[in-house]
Chemist: 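Please read through the structure below; I'll follow up with questions.
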Number of protein chains: 2
Amino acid sequence: MTDHIQARDKTIKKWIHDIGQVIIKEKDSYLEVEQKTAANDLVTNMDKWVEKELVERIRTAYSKDRILGEEGFGDSVKNMEGTVWLLDPIDGTLNFVLQNENFALMLAIYEEGIPVQSYIYNVTTNELYAAIKDGGVTCNGQPVEIPANRCLNEGLLATNSSIMTKDKYDGIRKIARKSLGLRLVGSAGLETIEVAKGSIVAYIATNLKPWDIAPGILFMKELGLKATQFDNEPVDLMKNNNIIFAVPKAHKEIMDLIHE
Amino acid sequence: MTDHIQARDKTIKKWIHDIGQVIIKEKDSYLEVEQKTAANDLVTNMDKWVEKELVERIRTAYSKDRILGEEGFGDSVKNMEGTVWLLDPIDGTLNFVLQNENFALMLAIYEEGIPVQSYIYNVTTNELYAAIKDGGVTCNGQPVEIPANRCLNEGLLATNSSIMTKDKYDGIRKIARKSLGLRLVGSAGLETIEVAKGSIVAYIATNLKPWDIAPGILFMKELGLKATQFDNEPVDLMKNNNIIFAVPKAHKEIMDLIHE
């Protein structure tokens with residue numbers, strides 16, 4: 001780990017814990033909930049506060065960097081040149097609003113398009129997962145081991161909701177049938193952690209935004225796992241995308257099934 | 001709460017905590033895993049030990065009662081006469097084996113066919129949910145409030161895996177589309193708790209066994225929620241069954257959609 005990454009890692013962990021404490025303290029208070037593109041695409045005053053708080057801290061400490069945040073308080077980022085921070089203040093806002101748990105604060109840093117630091121913080125369980133380039137994955141500072149390389153029929157599979165309900169994704173449902181069973185948490189960040197822990201063999205999701213996907217890429221890389229688009233190409237962060245995070249064996253099977 | 005139920009409640013809570021501690025202590029040790037009817041229908045030495053332990057304690061303390069347990073160490077129960085205990089030593093065995101979390105110990109008592117006590121213990125989070133006839137629902141002794149009566153399009157829906165992947169359940173997938181999103185934990189007990197907490201508006205599941213369903217019926221009853229078969233009839237515990245646990249508004253919508 002280079003010095004600047006090590007120092008930044010320490011700073012970010014402090015920020016996340018500071019902000020996490022505010023979320024925990026305030027989460028049972030009155031929430032202002034607004035609809036964005038649809039009834040299941042929500043934003044709350046808390047999402048906005050968290051992103052503004054992060055943007056302000058980044059602008060103060062790392063003024064030359066650019067920021068791409070879900071709620072739009074960062075910059076208009078059209079490419080991955082320089083140092084880019086991707087922020088998802090509350091990943092799983094629907095869970096945050098309806099379940100009061102099962103949501104994550106996410107942050108990823110890319111240098112010239114290369115992922116160097118990723119954080120997924122499960123706020124209510126107080127578990128901070130971090131991936132550092134060439135430094136592996138940790139949970140609250142403890143190393144996360146490389147998960148078993150299992151086939152679909154030896155493991156569980158996660159997807160997002162629309163895959164399971166829309167007819168145009170029948171092919172993906174066929175993939176689900178090959179697995180031991182489906183699991184669905186409703187937060188891309190928490191599903192990413194499930195793959196990293198080996199609790200599921202793959203996460204298949206459609207129409208994810210850059211901030212949903214950005215942290216997972218480094219998590220997969222550091223654990224020797226796969227992160228690709230449906231066409232098996234590296235993930236393009238500059239568009240809404242369909243992705244697969246998986247252990248290698250399950251990933252190969254999924255690719256064969258998608259393209260058969 | 002009558003005296004005999006109050007005394008039995010105290011006894012059962014002690015048993016569950018005693019056994020839960022053993023599960024937590026032993027769960028990272030070597031597990032003997034056997035397949036039952038299919039690759040995703042497993043039993044471990046831990047399931048068997050928990051059931052044997054419960055059966056032994058019930059036989060000693062309540063020798064006249066009959067026991068229906070998932071792993072077959074109880075009695076051959078063909079009707080609900082007298083006092084019947086239904087046991088699921090580890091509900092979500094697949095999660096227990098593959099995720100090391102997201103499983104529950106479940107126990108329900110029926111007197112002459114009427115549910116009087118139900119327990120769902122989330123072992124790894126140490127949350128013991130209990131429902132007592134005319135005594136409401138508690139989590140670790142704290143009252144659980146009646147959840148908001150929401151429609152499908154105001155809430156999340158849980159199902160089991162096979163509904164989402166098998167073509168014959170296309171109708172249920174249509175119901176899922178009306179909700180804000182799907183969630184899938186993979187344990188009937190934990191899904192029951194999600195309904196009771198108001199984290200989801202309904203749980204729809206097919207081919208559940210008596211011990212999967214038995215505790216949920218009293219949880220729903222005590223919270224003014226609905227527990228029925230797909231045909232809207234009361235749940236027959238003497239067969240494998242398709243069930244809906246839901247808040248009243250979502251239940252009515254599901255019934256209309258199933259029968260349209």
Side-chain angles (χ1 to χ4, degrees), chain A residues 33 35 38-42 92-102 124-125 127 147-148 150-167 169-187 190-191 193-195 197-201, chain B residues 33 35 38-42 92-102 124-125 127 147-148 150-167 169-187 190-191 193-195 197-201:
Chain A
V33 183
Q35 221 170 278
N40 57 3
D41 183 18
L42 305 178
T93 301
L94 207 50
N95 291 346
F96 176 65
V97 173
L98 294 172
Q99 305 192 324
N100 217 352
E101 60 184 348
N102 302 319
T124 55
T125 64
E127 289 169 299
R150 291 196 172 97
C151 297
L152 276 176
N153 69 5
E154 299 168 319
L156 299 164
L157 176 80
T159 67
N160 56 349
S161 266
S162 63
I163 287 183
M164 281 302 117
T165 54
K166 287 182 186 162
D167 292 335
Y169 296 122
D170 268 5
I172 309 291
R173 287 173 47 233
K174 272 182 208 134
I175 296 169
R177 273 201 285 274
K178 304 259 179 191
S179 76
L180 288 179
L182 261 184
R183 298 294 180 265
L184 226 150
V185 177
S187 148
L190 297 182
E191 305 289 14
I193 289 175
E194 295 297 292
V195 180
K197 283 159 66 179
S199 290
I200 54 175
V201 294
Chain B
V33 183
Q35 221 170 278
N40 58 4
D41 183 17
L42 306 177
T93 301
L94 206 51
N95 291 347
F96 176 65
V97 172
L98 295 172
Q99 306 192 324
N100 217 353
E101 59 184 349
N102 301 321
T124 55
T125 64
E127 289 169 299
R150 291 195 173 97
C151 297
L152 276 175
N153 69 4
E154 300 169 318
L156 299 164
L157 176 81
T159 67
N160 57 348
S161 265
S162 63
I163 287 183
M164 283 301 117
T165 54
K166 287 183 188 162
D167 293 334
Y169 296 121
D170 267 5
I172 309 290
R173 285 174 49 235
K174 273 182 209 137
I175 296 169
R177 272 200 286 274
K178 304 258 179 193
S179 76
L180 287 179
L182 260 183
R183 298 295 180 262
L184 226 149
V185 176
S187 147
L190 298 182
E191 305 289 14
I193 289 175
E194 294 298 292
V195 181
K197 282 160 64 179
S199 290
I200 54 175
V201 293

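Every chain is numbered from 1 and lettered A, B, ... according to where its sequence line falls, protein lines coming before strand lines.
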Chemist: Can you name the residues that form a side-chain hydrogen bond (donor to acceptor under 3.5 Å, both in side chains) with A:R150, not counting sequence neighbours?
Modeler: none
Chemist: Flag the one option from A:L180, A:N40, A:I172 with the top tally of heavy-atom pairs under 4.5 Å to chain B.
Modeler: A:L180
Chemist: Side chain, backbone, both or neither: which part of A:K174 has a non-hydrogen atom closer than 4.5 Å to chain B?
Modeler: neither
Chemist: Can you tell me which portion of B:D167 sits under 4.5 Å from chain A's heavy atoms? Options are side chain, backbone, both or neither.
Modeler: both
Chemist: Kindly say whether A:S199 contributes a backbone atom to a donor-acceptor pair with the side chain of A:E194 at under 3.5 angstrom?
Modeler: no
Chemist: Taking only residues two or more places apart in sequence or in another chain, which ones pass side-chain hydrogen bond (donor to acceptor under 3.5 Å, both in side chains) with A:E154?
Modeler: none
Chemist: Just by modelled atom types, is the A:V185 backbone N or O under 3.5 Å from a matching donor or acceptor in the A:N95 side chain?
Modeler: yes
Chemist: With chain B as the partner, which of A:M164, A:E101, A:R173 has the greatest number of non-hydrogen pairs under 4.5 Å?
Modeler: A:R173
